[in-house]
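Working notes, structure below.
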Amino acid sequence: MNIELPHIMLFISFFFCLSLCIYSLRFKLTPLNLTFSLLTASAAIYALGYAFELMSVNLESMLFWSKFQYIGIPFIPGLLMVFTLCYTGYGEKVTSLRSLLFFIVPFISFIARWTNQYHQLFYKNPAVFNSHMGPMLNFEPGIFYIIHIIYLVFALSYCTAVFIRYFFKTAFVYRMQTLLIMAALIVQWFTLLIYLGGIAPAHFDINPYMFTISSVFYALGIYRFSLFNIVPVARDVIFDEMNDAILVINPDSQLIDFNKRCSTLFKEINDKAIGKSVEQLFVSQPEIIDAINNFPVTGMEIALETESGKLFFKLSLNPMKIKNKTHACTIITFHNITEQRMLMQKLEKLAAIDPLTGVFNRRQFEIQAEIEMKRSIRMNTPLSVLMFDIDHFKKVNDTWGHQCGDQVLKEFAATIADNIRDVDQIGRFGGEEFIVIMPEANRKVAAAVSERLRQAIEKMVLNLGGNITGITVSIGISGRWNNENISIDSLIKYADKALYAAKQNGRNRIEIA
C-alpha cells in the first residue's frame, strides 16, 4: 500500500474537517454548531474513506471503503440545508417532522448503498480501472445514485438561494461572515460541476479534496468572525426586537449596525448611515456626541426632544473584544428611563410640595429662597420677602372645625398664588403662616404687592358648610434693597418681626421691617 500525494491531501482534509467538528463542540450545544459538527464529521468520513479506497489494490477492498464513505456522503445535503436554516434565523422551522423530510433521501441513499449487492440499484458492474493515477473504482450509476446526485444539486441550490437572500437583508457587520459561508458553497458548486461535467480525470472524485478548501472558509468564519459566538440569527431574533435603541460602532467611531428601535428613535439612522461617523449622524444633537466622546465609567443620562415629547435615556457604552482582537466594536445602548424619571419627578414634587395647599413646603421653600438670594447678590438686584399670617385662624377651627380650616388654607394659598408673578415663590411656613419671596422687587414694589394681596384676601367670600364668612391677613415685609450682603435666614427673621408688629398694631395690615 503506497501513500502518495493525493492520499496525503485526503488525510489532510480528513484531519482538518475532524478538527472543525471537535472545535465546534467546545461551544454551548445549539442546533447550529451541532449541525456544523455533523456536517464536518460527514466530510471527514468521506475524505478518510476515499483515501483508503485510492490506496486499495483490489476490487473487494475498494468496495468496502466506498461503502464506508457512505456513512457520511448521503447526509451532507440534508445537514447543509439544516445548517443554512439555523444560520439564517429559520432554526424554528427545523422541527422533528421537517428533519425527517430533509433526511428521507439521505437515508434511502445510505441503505441503498449498503445493500447494493442485493439489488444493484445504487450502482452495478463495479470494476477496477487502471489509470495513470493508479487503480480506481469504476461502476455504472443506478437509479438511487442519480437520486442522490439530484438531491445534492437541490440542496446546494436551496442553500445558495437562501444565503443570497439573507446576505442583502442582514446587517453590514455580518456580511463578511456570510460571504465566507457563501464562498464555501461556491467551492462545493464548482467541485460538483467539474465532477458531473467529466472535467476531472475519469473515475476520480475531487469532492473530498475540495472539502478542504470549503472548510478553510468555514474555519475563517469560526476563528476570524467567531461564527458560534456572533451569529446573525441572534441579531435578528433578539437584537432587532429589543426595546432599547442600540448602535454598534467600530474603533473609528463609524456606524456598523443598529436595531429597529434605534432607527425609530433617530431619523438619521438607516441603511444609508452605515459607515458614517458618530459626528456625522448626530450633528444636530451634540449632546449625544459629547456623551459618547466623554463617556464616564458609569452610565450617563441624556434628554432628547422627539415627536412624542421629551424622553430621557441612560446611555451606556460597552467595548466588545473578540478573540485575538483588542477592540472589535463598541455597543452603544440608549435605555429609555422616561417612566422612571417621571416617577422620580413626581416623588420629588411630593417631597417638595405641601400636600394640603399645593405650594412649597418649608424645606423646599428655603432651598428655593437660598437660590434666589445667591442670584440677587451675584446680579446685584433687589429681593423682597413677604410673611403672611391669617388673622384669628384659631376661631375658624374652633367654630366650624378643622375641615373648614383646611378649606380656608387652600383658598387662601390659591388667592396668593393667583396674585403674584410666575417668578415669585410661595411656601407654607407652618400652620396658617405662608411666605413669598419676590426676586428683583424693591421696597416700593413689595409694599404695593402686599397691599394688593391684603385687599384680595379681605374680599374673599368663604362658604364653610353653608356659613358665609371672610378672613383677613397680616403681612410682614423685609428685603435686600440697598445691595447689602445679608442671608436669607436674616430676611425671614426680619419679615417675621414685621409680621408680629402688624398683629400687635391691630391686624389686617402690612408692616415693613
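Because only heavy atoms are used, hydrogens play no part in the values below, and waters and symmetry mates are left out as well, while side chains stay in. These numbers come from a predicted model, not from an experiment.
Listed here is the closest heavy atom pair of S109 and H148: OG-CB, 3.6 Å. Shown here for L80 and C159, the closest heavy-atom pair between the two residues is O-SG, 3.5 Å. What you find for S13 and P208 is that their closest heavy atoms are OG-O, 2.9 Å. Taking all atoms of both residues into account, the shortest heavy-atom contact from V359 to R428 is CG2-N, 3.6 Å. I213 and V187 make their closest contact through CG2-CG2, 4.0 Å (heavy atoms, listed as atom of the first residue, atom of the second, distance). What you find for N116 and L121 is that their closest heavy atoms are OD1-N, 3.4 Å.
Scanning for ring pair (Phe, Tyr, Trp, His ring centres under 6.0 Å) contacts around F75 gives F107, F110, with sequence neighbours left out. The ring pair (Phe, Tyr, Trp, His ring centres under 6.0 Å) search around F14 returns none, not counting sequence neighbours. For F129, the ring pair (Phe, Tyr, Trp, His ring centres under 6.0 Å) partners are H203, not counting sequence neighbours. Residues satisfying the ring pair (Phe, Tyr, Trp, His ring centres under 6.0 Å) criterion with F190, sequence neighbours excluded, are absent altogether.
Side-chain contact between Y123 and L63 is present, with at least one heavy-atom pair separated by less than 4.5 Å. Contact of the L54 side chain with the L10 side chain is registered, since non-hydrogen atoms from C-beta on lie closer than 4.5 Å. Between P439 and D424, the closest side-chain pair of non-hydrogen atoms falls below 4.5 Å. For the pair F312 and K310, the minimum side-chain heavy-atom distance is below 4.5 Å. The shortest distance between side-chain heavy atoms of F167 and V162 does not fall below 4.5 Å. Side-chain contact between F154 and M81: present, with at least one pair of heavy atoms (C-beta onward) separated by less than 4.5 Å. Side-chain contact between L255 and L247: present, with at least one pair of heavy atoms (C-beta onward) separated by less than 4.5 Å. At least one side-chain heavy atom of L185 sits less than 4.5 Å from a side-chain heavy atom of L156.
Defined by atom type and a distance below 3.5 Å, a donor-acceptor pair is present between the side-chain atoms of Q69 and E53. Side-chain N/O atoms of S61 and N58 include no donor and acceptor closer than 3.5 Å. A donor-acceptor contact closer than 3.5 angstrom is absent between the side chains of E372 and Q368. S24 and S37 are linked by a side-chain donor-acceptor pair at a separation below 3.5 angstrom, with hydrogens and angles left out of the test.
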R261 vs I246, side-chain contact (heavy atoms from CB on, under 4.5 Å): CA-CA, chis, key distance, verdict | CA-CA 7 Å; R261 180 72 181 96; I246 298 178; over 6 Å; no
H335 vs Q340, side-chain contact (heavy atoms from CB on, under 4.5 Å): CA-CA, chis, key distance, verdict = CA-CA 11 Å; H335 180 58; Q340 296 93 311; 4.1 Å; yes
Please walk me through it: do L192 and V153 pass side-chain contact (heavy atoms from CB on, under 4.5 Å)?
-> CA-CA 8 Å; L192 182 62; V153 172; 3.7 Å; yes
Take L315 and F334, measure what side-chain contact (heavy atoms from CB on, under 4.5 Å) needs, and give me the verdict at the end.
-> CA-CA 5 Å; L315 187 65; F334 294 83; 3.4 Å; yes
Given ring pair (Phe, Tyr, Trp, His ring centres under 6.0 Å), test F102 with Y151 step by step and report yes or no.
-> CA-CA 10 Å; F102 280 136; Y151 190 64; 8.3 Å; no
Run the side-chain hydrogen bond (donor to acceptor under 3.5 Å, both in side chains) check on Y46 and D205 step by step: do they pass?
-> CA-CA 11 Å; Y46 187 5; D205 188 359; 2.2 Å; yes
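Panel note: side chain S42, backbone L38; a donor-acceptor pair is recorded below 3.5 Å. Although no hydrogens or angles enter the test, the distance criterion places no donor-acceptor pair under 3.5 Å between the side chain of Y70 and the main chain of I111. Checked by atom type and distance alone, the side chain of S277 pairs as donor or acceptor with a backbone atom of Q280 at under 3.5 Å. One N or O on the side chain of W114 and one on the backbone of K67 form a donor-acceptor pair closer than 3.5 Å. Listed for the D244 side chain is no donor-acceptor partner under 3.5 Å among the backbone atoms of T333.
F36 and F83 have tilted rings, their planes meeting at an angle from 30° to 60° on a 0 to 90° scale. Classified by interplanar angle (parallel below 30°, tilted 30° to 60°, perpendicular above 60°), the ring pair Y50/F204 is tilted.
Sequence neighbours left out, the pairs with a member in residues 268-287 that pass ring pair (Phe, Tyr, Trp, His ring centres under 6.0 Å) are F266-F282. Counting only residues at least two apart or in different chains, ring pair (Phe, Tyr, Trp, His ring centres under 6.0 Å) contacts with residues 344-379 are absent.
Separation of the F122 and F144 ring centroids does not fall under the 6.0 Å cut-off.
Put simply, CZ on R375 and CD1 on I377 are 12.0 Å apart, with the number rounded to the nearest 0.5 Å. Atom OG1 of residue T357 and atom CD1 of residue I426 lie 7.5 Å apart, to the nearest 0.5 angstrom. Rounding to the nearest 0.5 Å gives a distance of 11.5 Å between CD1 of I186 and OG1 of T191. Rounding to the nearest 0.5 angstrom, the gap separating the OG1 atom in T40 from the CG atom in N33 is 10.0 Å. Atom CE in M182 sits 10.5 Å away from atom OG1 in T84 (nearest 0.5 Å). If you take CD on Q285 and CD1 on I289, they are separated by 9.0 Å, rounding to the nearest 0.5 Å.
Atom CD of E366 has more than 12 heavy atoms from other residues, nucleotides or ligands within 6.0 Å. The environment of CD in Q117 is crowded: more than 12 heavy-atom neighbours from other residues, nucleotides or ligands sit within 6.0 Å.
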